[in-house]
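Below, read A as the first sequence line, B as the second, and so on, with proteins coming before strands; counting in each chain starts at 1.
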Protein chains: 2
Amino acid sequence: MTSEKSLKEPEVNPSHPSTPRASHPVTMREVAEGAGVSVATVSLVINNKKDARIGAATRKRVLDTIRELGYRPNALAKNLVSGSSRFIGLVADAIATTPFAGQIIHGAQDEAWKHGFVLLVANTEGDEPVEKDAISMMLEHKVRGILYSTWFHRPTKIPAALQETDFVLVNCFSPDSDALAVVPDEVHGGREATEILVRKGHRRIAFINATIPAPAKDGRLQGYREALESAGIAFDPHLVFDAYPDQEGGYGAVEELLKRDVTAVFCYNDRMAMGLYDGLKQRGLSIPEDMAVVGFDNQEVIAAHMRPPLSTVALPHYELGAAGVRLLLGVDEPAGSPVVKLECPPVERDSVGPNTLTAPRLP
Amino acid sequence: MTSEKSLKEPEVNPSHPSTPRASHPVTMREVAEGAGVSVATVSLVINNKKDARIGAATRKRVLDTIRELGYRPNALAKNLVSGSSRFIGLVADAIATTPFAGQIIHGAQDEAWKHGFVLLVANTEGDEPVEKDAISMMLEHKVRGILYSTWFHRPTKIPAALQETDFVLVNCFSPDSDALAVVPDEVHGGREATEILVRKGHRRIAFINATIPAPAKDGRLQGYREALESAGIAFDPHLVFDAYPDQEGGYGAVEELLKRDVTAVFCYNDRMAMGLYDGLKQRGLSIPEDMAVVGFDNQEVIAAHMRPPLSTVALPHYELGAAGVRLLLGVDEPAGSPVVKLECPPVERDSVGPNTLTAPRLP
């Protein structure tokens, strides 16, 4: 809520000459009259024809008049002349239902603007006809290309219409094609999450994985195993089990968890950790003293505000959007594989304490 | 997460004739050749010139060819001819930091599409220069109008550039102008939240309001007072106090709350209720048996997944976006005041039980 206090409010100044009423936008003719030149001359200056024989003084007078009157060149006309627009399309399947899509949009827009592009956003809620319409709309507006994004990391088929333009898959990938894609490095994330616990001396670490098949399920498990291995801890399959990846799933997993003799647990996501907290506290157990807990996602509004604040790993949604734009525009080139993987950085808070039983003596 | 399983994946079919490679979009000339007519004829058919003398058979042949080849008319050209585009701009100050903006976008897009408009979304994070750029970009693309939205309900100044086109304020309003605006009815919401408790027989009801001045702070308090009044319960100022509107604020308010002799509490928002839950449980109190709790916002990912699931009141973000578009396009007319207020519907879950002390006998 801190942003609530820091929001700036732009000044309004209706008397300012650059704000004519909607009823009457400034025309090129008015600029010509104001500057005492022909409409053709104004047009040449606007379209920045360097070769056109226009004196510096005239050019300046035209530009000054444009500023004074608040004339706005017609981007549609410019785009038509150039044959393509300054649009990049972004198709998202769930703007409304998770904060994740918002971060992808934010990152994509910031990067697009750096390169003089504007984002056309379409929210499909995963509905196929809506998706077809969205892509058609973008193609008809001659977008430079399209980012096709999903709110959770998954394999996807490529909509046929998408292949009529350049596109990059964001937070998803196509197993049966060499389509450019940018996704989170789930293995790296699983390793980072587990290492938060290992660093505090935990050796008996449970992993509650998701019941739903997904790249995250396999990748995070592999990362967990790699972290244990490099810490010289033997992998014990008995310490890994599944739960539905939400609060109810985490709450329901507590009983199973307590049957394992562990001092720490890595939860598939933050929502699961939130439910797990409730179940542990209900049994009079405290976090991190009785159980160290790590989540995954660094979910908005939740992770930082649980009691205690949750140590977790961040999904790089903002970076996914930004990297998608850079790949689309050719600013970045994929190194080798067409599927670019981004790191999931650890976010350490207070849900992990030292393993009081076996904490190693630090030098 | 259920949507995770229900997401459809569009079929890809690269061999389909309507999917040429990005390297070669279909041209109007190819359509003309395919249909065995002149380019001029194709153009007349596309622009649907009824008066043009074109036989039904020819027209059909052209349209069939367009479908076969997957030719896409140039929306930029159409827009240029018509002088305005089919764009509606939406300026949002916080797509990335709350799920609220996502719902406004979702509602605005659905409504815009119904009327054949496309949404141009710009995310400003409340940054004034970015906002200026965003509005300029929209004006240069000749948008039909602009929705100017904020993620929390507040008064706002009107950016000067906004006045160059039609606009509607969404989730905000301008106290010093008659600008069209659509906002949540905070008074109605406060009344609904309080009545959830009153209906269960609670008489001693605390209200933990926000420390931050906002229309929500005043409106929800008034709604609370109106609900008590119509239930014949005297307003007791001692039962109303402030806390910071997040989890930490709610947790910190528990001690103050327990000094009041109440059976129920209405929290300014769901995040506050989430922290309050932690504080109550930590003291061995259970919800709703020892304390009935109602929140506000019906916040994604939180309200439905607390233990017990939280009874609350929904902010009509989706409806705000949709109503904004209807006002902009003149589909809806404001009745009287230029500021349209939308109801905040109650969402009853399990955090409110009957007041075991004074529950009325139901017939």
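Contact tally against chain B (heavy-atom pairs below 4.5 Å) for A:Leu162, A:Leu139, A:Leu119: the top residue is A:Leu139. Between chain A and the options B:Gly284, B:Ala134, B:Ser174, B:Gly145, the largest number of non-hydrogen pairs under 4.5 Å is found for B:Ala134. Listed options A:Met274, A:Arg307, A:His317 were ranked by heavy-atom pairs under 4.5 angstrom with chain B; first place goes to A:Arg307. When B:Gln247, B:His305, B:Gln299 are compared by the number of non-hydrogen pairs under 4.5 Å with chain A, B:His305 comes out ahead.
Proximity to chain A (any heavy atom under 4.5 Å) is shown, for B:Ser177, by neither the backbone nor the side chain. Only the side chain of A:Tyr251 comes within less than 4.5 Å of a heavy atom of chain B; its backbone N, CA, C and O stay farther away.
For the pair B:Arg154 and B:Asp93, the salt-bridge criterion is met [side-chain N within less than 4.0 Å of a carboxylate O]. Ion pairing between A:Arg283 and A:Asp278 fails under the 4.0 Å rule for side-chain N and carboxylate O.
Looking only at side-chain heavy atoms (C-beta outward), A:Pro308 and A:Tyr277 come within less than 4.5 Å of each other. Using a 4.5 Å heavy-atom threshold, the side chains of A:Arg86 and A:Val118 count as separate.
Taking the six-membered ring where the residue is Trp, the centroids of A:Phe87 and B:Phe87 are separated by under 6.0 Å.
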